[in-house]
Number of protein chains: 2
Amino acid sequence: MPETQRRPESRYGNRPTMKDVAARAGVGLKTVSRVVNGEPGVTPETERRVQESIDALGFRRNDSARVLRKGRTATIGLVLEDLADPFYGPLSRAVEEVARAHGALLINGSSAEDPEREQELALALCARRVDGLVVIPAGDDHRYLEPEVRAGVATVFVDRPAGRIDADCVLSDNFGGARAGVAHLVAQGHRRIGFIGDMPRIHTAAERLRGYRAAMEDAGIPVADAWMSLGATDPARVRRAAEEMLSGAAPVTAVFSGNNRVTVTVIRVLAEQVRRTALVAFDDLELADLLQPGVTVVAQDAAALGRTAAERLFRQLDGTLLAPERIELPTRLITRGSGELPPAD
Amino acid sequence: MPETQRRPESRYGNRPTMKDVAARAGVGLKTVSRVVNGEPGVTPETERRVQESIDALGFRRNDSARVLRKGRTATIGLVLEDLADPFYGPLSRAVEEVARAHGALLINGSSAEDPEREQELALALCARRVDGLVVIPAGDDHRYLEPEVRAGVATVFVDRPAGRIDADCVLSDNFGGARAGVAHLVAQGHRRIGFIGDMPRIHTAAERLRGYRAAMEDAGIPVADAWMSLGATDPARVRRAAEEMLSGAAPVTAVFSGNNRVTVTVIRVLAEQVRRTALVAFDDLELADLLQPGVTVVAQDAAALGRTAAERLFRQLDGTLLAPERIELPTRLITRGSGELPPAD
DNA sequence: CCCGCATCTGACAACGTTGTCCAGGCTCTA
DNA sequence: TAGAGCCTGGACAACGTTGTCAGATGCGGG
């Protein structure tokens, strides 16, 4: 029994290590390390021999071991809501680009709007010792991250603020954007304006609702309960909500739609109606300008959100960062027709 | 000078280790390991003490060290083209879901259609010892992965086949889909049918072009060079290409568009034309049914591609897999109006 | 009362890498 | 030619975890 310790099962399929490379090249272990890391102090001739050995064996440095030794993983984590949502694609890509510029890789996971899953994911990433974490919160209590933050994990929240923890946040001006969007409808002469949004427990949804209410109040219009749908996100329920506020004795003449997923359904419903109803939607859509009429939107810049957050993350990692801050990015009203339809009553 | 070796800079901000937990709980290191991993053989009382210690110190197991010891990372890598592309969002999400079901995390990176960057990314993932790799190829030579595959990295290619290496591939039936789409246009009476696609060096683009040619040949229609645009992907060039084939003495009466990015531009151009030109597009679009006319598409199932690839990857990891295979998923023609317009000449 | 056995616990090595430090050989100068 | 100083290379420990194995403890039976 020559081995006292059984090798763990299928350990990397027995990859060559620096030791193997060193043995083959007839040099010391550390010399190989030097070559691999481009450190100075190796003769060209030695370097050549080592390099040849590396190529011959198909050696690739084991970053797990490296990380263990160095303490930095050059990896950041991104916890988002749903990678398949067209809003998060560009955001994620922007984070990735910044990470790449800093030589880091990106691990990401979707929380599917489930706070528990968000926590599970974030902590799994911490266990892997990501250097930093960009989180799009699903839950509203992030105290579970406190030990991690104290331990030095850089953390930035995006799109929605952190709950019960003092941390950097990068947000869109949801309130201002919604307010401006609704005000735009008011300016076209609308008074009965519907709002279809997500559950108010989601911060962005709550803020947009607040913007809606503010704009209505600015205009001195009392809001009827029947004009608001909160929390219906699946197509069927959105459809029902939209149809309801479009029917009855005093139907809404305009709708403000609270996010991109709601919008696609609302557009469908409006297209089926005889009466032309105005629409302003939060979040831009790919083909919004080609519809009849074009969809007027309050656009947020998903890529900018991601970029800003990631840049801030790396500034935390540089150590050049001071107190947590809340950064709010402006939204932009893009008029394309649907928001400029006059009231049709 | 009590320490012979300086601590690496800011090593995890001095996180507690199992040793610290053990010391505080007054137990041995291994006992903590047992508790953390839920291994049997620990008295409830001891376990309680250890758990208390863990909570008090905010300990979290360092997975890097764990990986180093165990040899499996429970992480898979996904190299795709552009996370911001709406086609890859669902694909990526599907891979993530499968990974999650197997208790693995997902690292992903975008190659931006650059073979060098693809290689760099894939190898970086291998250095991190991901258990497996799902690759959407940008390049056409993947021999660089051979040592990795031999070393036991499970590998599956998606959307496009691997180059010069024998590996699992999961593809859409690009040829068949394009052929059916073009045949559909022929069936409406079109004879002058344009094709606007990506660079033929991209496999999917080449296959779709082949499908176009095949359908035309089936119909006995010789293809004019002026009807084809290959490799223009940025909006400006697509626009020019489209406008060109729509003008002149014998303009095309129908266009087959080779991918989603091309399609959005083509739709814009067609909308500006007086004459109605038919369109069938490869890849579905979010609001395709709401345009006037609705866009007839050859839809592929991005999520199914991702799911199938990831499942195959994990079957490789289970060791239940045999020879590399090429799996082709069917596409679906969805008629919505634009593809049913008759020739307008 | 002591032995044997089962159960629980801990010491130790090893995973693959990098930081430190020292040895040996070389060059250059006095 | 000897000494100082530089350059290259290697031995060794340490990073935090887990597998192995042996020691300790307690209990029941002979």
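Quick note on labels: first sequence line is chain A, next is B, and so on, each numbered from 1.
Counting only heavy atoms from C-beta outward, the side chains of B/Val50 and B/Arg34 never approach each other to under 4.5 Å.
With distances taken from any side-chain atom of A/Arg69 to the nucleotides D/dA14, C/dG10, D/dG10, the minimum falls on D/dA14. Residue A/Leu68 has its side chain nearest to D/dC15 when only D/dC15, D/dG9, D/dT17 are considered. Taking the side chain of B/Glu39 as heavy atoms from C-beta on, and the options D/dA11, C/dG16, D/dG19, the nearest nucleotide is D/dG19. Side-chain proximity of B/Lys70 to the nucleotides C/dT17, D/dG19, D/dG10 is greatest for D/dG19. With distances taken from any side-chain atom of B/Thr43 to the nucleotides C/dC8, C/dT20, D/dT18, the minimum falls on C/dC8.
Using bins of under 30°, 30° to 60° and over 60° for the plane-to-plane angle, the ring pair A/His102/A/Phe314 lands in the parallel bin.
The backbone N or O of B/Thr204 lies less than 3.5 Å from no partner atom in the side chain of B/Arg160, so there is not a single donor-acceptor pair. Counting only distance, with no hydrogens or angles, the side chain of A/Thr73 and the backbone of A/Arg129 share a donor-acceptor pair below 3.5 Å. Listed for the B/Glu148 side chain is no donor-acceptor partner under 3.5 Å among the backbone atoms of B/Val153.
Atoms CE (A/Met18) and P (D/dA14) sit 20 Å apart, rounded to a whole Å. Put simply, CG on B/Asn62 is 17 Å from P on C/dT17, counting in whole angstrom units. To the nearest angstrom, C1' of C/dC15 lies 15 Å from CG of B/Leu29. Regarding B/Glu47, its CD atom lies at a distance of 17 Å from the C1' atom of C/dG10, rounded to whole Å. Atom pair B/Asp20:CG and D/dG16:C1' shows a separation of 10 Å (rounding to whole Å applied). Distance CG (B/Asp63) to P (D/dT18): 9 Å, rounded to an integer number of Å.
A/Arg34 contributes no side-chain N or O that forms a donor-acceptor pair with the base of C/dG19 under 3.5 Å. A donor-acceptor contact under 3.5 Å is not formed by the side chain of B/Lys19 with the base of D/dG16.
Applying the salt bridge (Lys or Arg N to Asp or Glu O under 4.0 Å) rule to B/Arg128 yields the partners A/Asp63; only residues at least two apart in sequence or on another chain are considered.
Contact annotation for A/Asn37: backbone-only contact, meaning every heavy-atom pair under 4.0 Å involves sugar-phosphate atoms and none involves a base. A/Ser33 comes within 4.0 angstrom of a nucleotide base, judged by non-hydrogen atoms across all strands. Nucleic acid contact class of B/Val42 (heavy atoms, under 4.0 Å, all strands): sugar-phosphate only. When heavy atoms are screened at a 4.0 angstrom cut-off, A/Gly41 is found touching the sugar-phosphate backbone but no base atom.
Comparing A/Lys30 and A/Pro40 by the nucleotide of DNA chain D that holds the closest heavy atom to each, the one mapping nearer the 5' end is A/Pro40.
Between C/dT9 and B/Thr31, no contact under 4.0 Å exists linking OP1 or OP2 to a side-chain N or O. Under 4.0 angstrom from either OP1 or OP2 of D/dG9 there lies at least one side-chain N or O belonging to A/Thr46.
Judged by distance alone, the side chains of B/Asp82 and B/Ser110 never bring a donor and an acceptor atom under 3.5 Å apart.
Of all the residues in residues 52-61 of chain A, A/Phe59, A/Arg61 reach under 4.0 Å from DNA chain C with at least one non-hydrogen atom.
Closest approach of B/Cys126 and A/Arg60 over heavy atoms only: CB-CD, 4.1 Å.
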